[in-house]
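A quick note: this is a predicted structure, and the numbers were derived from the prediction, not measured. A, B, ... follow the sequence lines: proteins, then strands. Residue 1 opens every chain.
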Protein chains: 2
Amino acid sequence: MAHRPQNKVLQETASIDRDSFEPAYAQLAGILRQSMADGLLRPGDQLPSEAQLVERYGVSPMTVRRAINILADQGVVVAEQGRGTFVKPVAMSAATFQLGQLENLFGNREGTTVQLLEARIIAADERVARKLAIREGKRTIYIRRLLWNSGEPAFYHREYLVYDPTRPIVEAELEVTALQQLFSGSSESLLKHGEISIDATLLDEEESRLLKATQPMAAFCFEHLFYDFDDRPVSWGWFIGRADRLRFTTQVGLLLG
Amino acid sequence: MAHRPQNKVLQETASIDRDSFEPAYAQLAGILRQSMADGLLRPGDQLPSEAQLVERYGVSPMTVRRAINILADQGVVVAEQGRGTFVKPVAMSAATFQLGQLENLFGNREGTTVQLLEARIIAADERVARKLAIREGKRTIYIRRLLWNSGEPAFYHREYLVYDPTRPIVEAELEVTALQQLFSGSSESLLKHGEISIDATLLDEEESRLLKATQPMAAFCFEHLFYDFDDRPVSWGWFIGRADRLRFTTQVGLLLG
DNA sequence: GTTATACACTTATATAGGGAAGTTTGAAAG
DNA sequence: CTTTCAAACTTCCCTATATAAGTGTATAAC
């Protein structure tokens with residue numbers, strides 16, 4: 001439909017395919033990423049200016065901006081106003097680990113079950129009271145669960161919930177399926193936000209027995225603290241899983257070709 | 001400067017400040033995030049359509065799109081074409097941990113030093129040869145380092161490098177400061193990408209001694225494998241740090257107001 | 001009653017253009 | 001030679017508009 005303007009400079013790189021299902025901005029982002037993967041653009045190098053990219057690939061400025069924004073969001077380039085856009089060097093500190101990669105272990109698939117070991121009401125000791133921001137001695141629900149995955153114990157979960165009949169969170173949490181909702185989220189969630197931390201620990205005697213581990217053994221401990229929409233703590237607990245059964249990997253630099 | 005158009009519908013929420021340094025798209029993203037934090041928008045709720053947001057806040061469609069894209073990238077909303085944009089429930093699986101939060105421990109600041117324990121050329125055994133994709137028995141550089149942070153040993157680092165005089169990476173790596181570049185990145189980096197994984201382990205006798213730890217003690221192990229621009233492995237190694245000195249935390253849900 | 005179509009709604013993609021802000025460069029003035 | 005300043009270049013931000021594509025609903029035809 002549109003005339004193809006005659007470019008004096010031949011494009012040694014790929015060009016935008018207007019008939020492709022992939023949007024132009026995504027194609028351009030891919031081309032630039034490929035240039036980096038091929039070594040045409042090395043860390044520290046300056047990318048062609050936006051105006052140059054507009055002319056070279058025959059797209060509008062907004063499309064170029066969007067492509068560059070994507071790369072900037074992904075952290076592979078950095079744009080400095082007035083200077084230019086540059087390729088970022090790979091750095092270990094840029095590594096990000098997603099808890100979601102352990103999703104299947106937490107019972108998202110078939111073959112995973114939740115075994116309720118214990119659920120009772122106990123008074124909050126000093127430690128629990130501080131975490132849940134309640135008075136010492138107030139009632140909490142203490143839950144112990146074991147998550148099984150393909151016939152093997154995957155995680156041992158302990159959790160304290162504030163016991164408040166006016167809050168409907170209690171019922172929802174007591175369902176055995178609630179654990180998956182905790183991990184994967186559900187629309188009816190009454191949780192607003194939470195803090196999660198990873199720790200490396202040693203299994204104690206009880207944990208070793210439940211997880212069928214030999215002592216001493218290292219383990220990951222995922223501690224979580226969730227809040228409701230009034231920013232009051234609701235749930236404090238931790239998942240413990242054997243380190244030799246967990247693999248936590250990520251990539252830095254160029255993700256894919 | 002611009003006339004303020006008379007809106008029939010009063011804005012109960014905040015409005016865009018055109019004189020602010022903060023861009024309009026960022027302000028709008030903040031307003032929407034605040035609405036979720038205040039509970040006006042609950043998980044599962046549908047956001048106002050883009051056209052409505054355009055009218056309500058007096059910005060262009062592109063600005064609205066960008067604001068929504070930011071929220072979508074952050075994972076707090078999800079946009080479905082033809083249906084609408086919806087608030088995502090909080091999920092543990094959405095948690096992401098950034099290695100960069102340990103940056104100061106890795107020697108980015110003053111008061112951190114790198115102690116070279118050993119650096120010699122050894123023949124690759126079967127395990128090293130497989131990781132570095134070289135023949136068994138080929139020469140590698142084996143480095144052992146101890147990272148000190150404010151007078152205390154923070155990490156014990158061991159690393160194998162391919163010994164190839166044709167590759168300039170060797171010299172650069174042998175500098176004691178190279179470690180920080182490995183972590184934070186530098187423009188002269190010859191590394192294209194890498195894989196990093198976290199493991200939880202027990203300190204062995206040597207590690208305990210160097211890290212001044214009592215046995216048995218749990219530790220984090222950050223294993224890294226870096227490749228050059230020809231996709232050949234260059235460096236394989238791992239950092240080991242005491243778990244009781246490391247804190248690895250993140251947030252899910254609404255990050256900040 | 002069932003099916004098919006049309007329409008209204010949504011988000012997604014793209015174009016064209018303009019101005020603001022920071023950086024670099026080099027020429028002019030001292 | 002040094003300083004000053006203006007211009008060019010860069011990225012950044014925003015507006016206005018148009019088209020495409022997916023979804024759901026109401027209506028018309030059968």
Side-chain angles (χ1 to χ4, degrees), chain A residues 1-5 15-32 41 44-88, chain B residues 1-5 7 15-32 41 44-88 187:
Chain A
M1 44 193 77
H3 70 291
R4 196 174 303 170
S15 59
I16 307 287
D17 176 15
R18 307 320 284 253
D19 298 331
S20 169
F21 289 105
E22 197 180 8
Y25 70 89
Q27 289 186 50
L28 180 53
I31 289 172
L32 293 174
L41 290 171
D45 287 355
Q46 182 175 8
L47 267 66
S49 77
E50 299 186 354
Q52 288 174 323
L53 292 174
V54 164
E55 191 186 1
R56 188 178 304 176
Y57 294 102
V59 294
S60 73
M62 277 301 299
T63 305
V64 171
R65 305 228 71 253
R66 191 161 176 192
I68 291 179
N69 276 335
I70 288 174
L71 297 177
D73 288 343
Q74 293 177 350
V76 298
V77 303
V78 56
E80 298 177 31
Q81 184 168 351
R83 294 207 339 115
T85 307
F86 302 89
V87 182
K88 263 198 190 176
Chain B
M1 46 190 74
H3 69 291
R4 198 174 300 168
N7 277 351
S15 60
I16 307 287
D17 176 14
R18 306 321 283 252
D19 298 330
S20 169
F21 290 105
E22 197 180 8
Y25 69 88
Q27 290 186 48
L28 180 53
I31 289 172
L32 293 173
L41 289 171
D45 287 356
Q46 182 175 8
L47 267 65
S49 77
E50 299 188 353
Q52 289 175 321
L53 292 174
V54 164
E55 192 185 2
R56 189 178 303 176
Y57 294 102
V59 294
S60 78
M62 278 301 298
T63 305
V64 171
R65 303 234 72 246
R66 188 155 182 196
I68 290 179
N69 276 335
I70 288 174
L71 297 177
D73 288 343
Q74 293 178 350
V76 298
V77 303
V78 56
E80 298 178 30
Q81 183 169 351
R83 296 210 335 117
T85 307
F86 303 89
V87 181
K88 260 198 190 177
S187 301

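Counting atom types as modelled, B:Gln81 pairs a side-chain N or O with a base atom of D:dA21 as donor and acceptor under 3.5 Å.
Taking the side chain of B:Met62 as heavy atoms from C-beta on, and the options C:dT11, D:dT23, C:dA14, the nearest nucleotide is C:dA14. Comparing D:dT11, C:dA14, C:dT13 by their nearest atom to the side chain of A:Glu50 picks out D:dT11.
Neither OP1 nor OP2 of D:dT10 sits under 4.0 Å from any side-chain N or O of A:Thr85. Of the side-chain N and O atoms in B:Ser60, none sit less than 4.0 angstrom from OP1 or OP2 of D:dA16. Phosphate contact (OP1/OP2 of C:dT13, side-chain N/O of A:Tyr25, threshold under 4.0 Å): present. Contact annotation: A:Thr63 side-chain N/O to C:dT15 OP1/OP2 distance is under 4.0 Å. Phosphate contact (OP1/OP2 of C:dT24, side-chain N/O of A:Arg83, threshold under 4.0 Å): present.
Between B:Leu47 atom CG and C:dA12 atom P there is a gap of 12 Å when expressed in whole angstrom units. Rounded to whole angstrom, the span from the CD atom of A:Glu80 across to the C1' atom of C:dT23 amounts to 10 Å. Atom P of nucleotide D:dC12 and atom CD of B:Glu22 are separated by 17 Å, given to the nearest angstrom. Here the P atom of nucleotide C:dA12 and the CG atom of B:Leu53 are 13 Å apart, to the nearest Å. One interatomic measurement links the two molecules: CZ of A:Phe21 to C1' of D:dA21, which rounds to 12 Å at whole-angstrom precision. Rounding to whole angstrom units, CG of residue A:Leu32 and P of D:dT11 are separated by 12 Å. To the nearest angstrom, C1' of D:dC13 lies 8 Å from CZ of B:Arg66. Whole-Å rounding puts the A:Asn69 CG to C:dA14 C1' distance at 15 Å.
At the heavy-atom level, A:Arg65 lies under 4.0 Å from base atoms of the strands shown.
A donor-acceptor pair under 3.5 Å links the side-chain atoms of B:Gln46 to the main chain of B:Arg83, judged by distance alone. A distance-only check finds no donor-acceptor pair linking the side chain of A:Glu50 to the backbone of A:Val64 [under 3.5 Å].
A:Val59 is listed as a side-chain neighbour of A:Arg18, based on a closest heavy-atom distance under 4.5 Å. Side-chain atoms of B:Thr63 and B:Tyr57, non-hydrogen and from C-beta on, never get closer than 4.5 Å to each other. B:Asn69 is listed as a side-chain neighbour of A:Arg66, based on a closest heavy-atom distance under 4.5 Å.
With the nearest nucleotide of DNA chain C identified for both A:Gln27 and B:Pro48, B:Pro48 has the one nearer the 5' end.
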